Amino acid sequence: MNRTALVTGANRGIGKEVCRQLLQQDIRVILTGRDLTAAETAADELSSYGIALPMRLDVADRESIDTCAAELVEQGINVDILINNAAVLFNSDSLEATNEEWEDALVINLHGPIWTCRAFVPAMTKRNWGRVVNVVSGYGLYSQALASSPATYGVTKAALTAFTYKLSHEVPPTVKVNAVGPGWVRTRMGGQNAHRSVEEGAWGIVRAATLPDDGPSGQIFRDDKKLQV
Ligand SMILES: NC(=O)c1ccc[n+]([C@@H]2O[C@H](COP(=O)([O-])OP(=O)(O)OC[C@H]3O[C@@H](n4cnc5c(N)ncnc54)[C@H](OP(=O)(O)O)[C@@H]3O)[C@@H](O)[C@H]2O)c1
């Protein structure tokens, strides 16, 4: 059976490349963005790889998540794979970051993935199959670069990693919930000096999205290697 994946923040960067690689595996893709036109443009650009359905989903706007979920139900489309990719990064330390930066980072990087999980994971549990991938970062890991991270980013990604672990213990083993750090990737967020291409960064996310039934859950990966918290 062909699966369906929903990717947030998929209009550019790693999210768009994740969509491309999923389409290459014949997985149906719901390509979401906070701006519908940008999502439509990205879906058009990927049309030679397969059909991606563009939809508006602003992870900071709970109503837009619920509307998107309701539209998919209406169209009879089940989301089997959820990829929480959308995020923002502000370059400031804890006490210098503005209230707005803290609020945006908390809402977009943490609340958004929680809300999308609440919208799509119960149906995965009911259907007894699901894959959730939360895109995290070495900046959110104590074992890597949390100490030197941009504060609002590092702290919210650390919390998203914790949420991944916690949720993985609340769902049946047929629903796998993992976190993937793509490494330092050349995107608008990563900048042009980053070591990795979007293809390399997306690979591990797609791998976690397509894990076999005996695959792991509650883990953090870079590519196919486990990372420590
Ligand atoms: N690049 C790296 O080196 C790197 C390293 C570690 C982890 N990551 C993670 O990888 C993921 C993708 O990053 P990237 O490098 O591809 O970043 P990017 O090029 O900056 O893309 C970020 C995406 O998130 C979207 N977004 C932001 N706020 C949103 C919202 N409220 N609702 C929906 N979408 C929203 C953006 O949409 P707009 O176009 O509308 O702004 C854009 O599509 C992120 O989770 C990031 O933290 C990246």
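All ligand and atom numbering here is 1-based and tracks the order in the structure. Since the model is a prediction, treat every value here as computed from it, not as a measurement. Heavy atoms only: backbone and side chains are in, while hydrogens, waters and symmetry mates are out.
Here's the thing with Gly9: one of its N/O atoms is less than 3.5 angstrom from an N/O atom of ligand 1. Taking only nitrogen or oxygen atoms, main chain and side chain alike, Asp58 reaches within less than 3.5 Å of ligand 1. Of the N or O atoms in Trp184, none lie within a sub-3.5 Å distance of an N or O in ligand 1. Close N/O approach between Val185 and ligand 1 is found [any backbone or side-chain N/O within under 3.5 Å].
Residue-ligand proximity, Ser137 to ligand 1, at heavy-atom distances under 4.0 Å covers atoms 6 (C), 7 (C). Atoms of ligand 1 lying under 4.0 Å from at least one heavy atom of Tyr153, given by number and element, are 6 (C), 7 (C), 8 (N), 9 (C), 46 (C), 47 (O). The contact set between ligand 1 and Val59, taken as ligand atoms under 4.0 Å from a residue heavy atom, comprises 30 (C), 31 (N), 32 (N), 33 (C). Short contacts between ligand 1 and Arg188, defined as distances under 4.0 Å to a heavy atom of the residue, involve ligand atoms 19 (O). Against a heavy-atom cut-off of under 4.0 Å, Gly13 is close to the following atoms of ligand 1: 16 (O), 19 (O).
Inspection of the Glu40 and Thr37 side chains reveals no N or O donor paired with an N or O acceptor under 3.5 Å. Ser64 and Asp58 share no donor-acceptor pair across their side chains, judged by distance under 3.5 Å alone. When only modelled atom types and interatomic distance are considered, Thr174 and Asn128 share a side-chain donor-acceptor pair under 3.5 Å. Using a 3.5 Å distance cut-off with no hydrogens or angles, the side chains of Gln75 and Glu71 do not pair a donor with an acceptor. Under 3.5 Å, the side chains of Asn84 and Asn134 contain a donor-acceptor pair of N or O atoms.
Among protein heavy atoms, atom 16 (O) of ligand 1 sits closest to Ile14 N, 2.8 Å. For atom 22 (C) of ligand 1, the closest non-hydrogen atom of the protein is Ala87 O, 3.9 Å. For atom 44 (C) of ligand 1, the nearest non-hydrogen atom of the protein is Asn85 O, 3.0 Å. When only non-hydrogen protein atoms are considered, atom 17 (O) of ligand 1 lies nearest to Met189 CB, 3.4 Å. The closest protein non-hydrogen atom to atom 4 (C) of ligand 1 is Gly183 O, 3.6 Å. Nearest non-hydrogen protein atom to atom 27 (C) of ligand 1 is Arg34 NH2, 3.4 Å.
Under a 4.0 Å N-O distance rule, the pair Asp223/Arg196 qualifies as a salt bridge. Between Glu45 and Lys16, at least one side-chain N (NZ, or NE/NH1/NH2) sits under 4.0 Å from a carboxylate O, which counts as a salt bridge. A salt bridge does not link Arg3 with Asp26: none of the charged nitrogens is closer than 4.0 Å to a carboxylate oxygen.
Ser143 places a side-chain N or O within 3.5 Å of a backbone atom of Gln228 that can act as its donor or acceptor partner. Panel note: side chain Thr32, backbone Val7; a donor-acceptor pair is recorded below 3.5 Å. A donor-acceptor distance shorter than 3.5 angstrom exists from the side chain of Asn178 to the backbone of Pro216, with no hydrogens or angles considered.
A heavy-atom separation below 4.0 Å is found between Ile108 and ligand 1. In this structure, Pro182 counts as a contact residue of ligand 1, since one of its heavy atoms falls inside 4.0 Å of the ligand.
Relative to the ring axis of Trp129, Arg131 places its NZ or CZ within 45° and under 6.0 Å from the centre.
Interatomic distance, Leu72 CG to Ile30 CD1, rounded to the nearest 0.5 Å: 5.0 Å.
Looking at Leu160, Val198, Val180, Val136 and measuring to atom 7 (C) of ligand 1, the nearest heavy atom belongs to Val136. Taking all heavy atoms of Arg222, His195, Arg12 into account, the minimum distance to atom 39 (O) of ligand 1 is reached by Arg12. Closest to atom 10 (O) of ligand 1 by heavy atom, among Val135, Leu57, Thr156, is Val135. The closest heavy-atom contact to atom 35 (C) of ligand 1, among the options Gly191, Gly140, Ala145, Ala86, comes from Ala86. Taking each of Thr187, Asn11, Ile205 in turn, the one with a heavy atom nearest to atom 15 (O) of ligand 1 proves to be Thr187.
Screening Leu23, Ile81, Leu46, Val18 against Val29 for a side-chain contact (heavy atoms from CB on, under 4.5 Å) leaves a single residue, Leu23.
Using a 4.0 Å cut-off between heavy atoms, Lys157 contacts ligand 1 through its side chain alone, with no backbone atom that close. At a heavy-atom distance under 4.0 Å, no atom of Ala194 approaches ligand 1.
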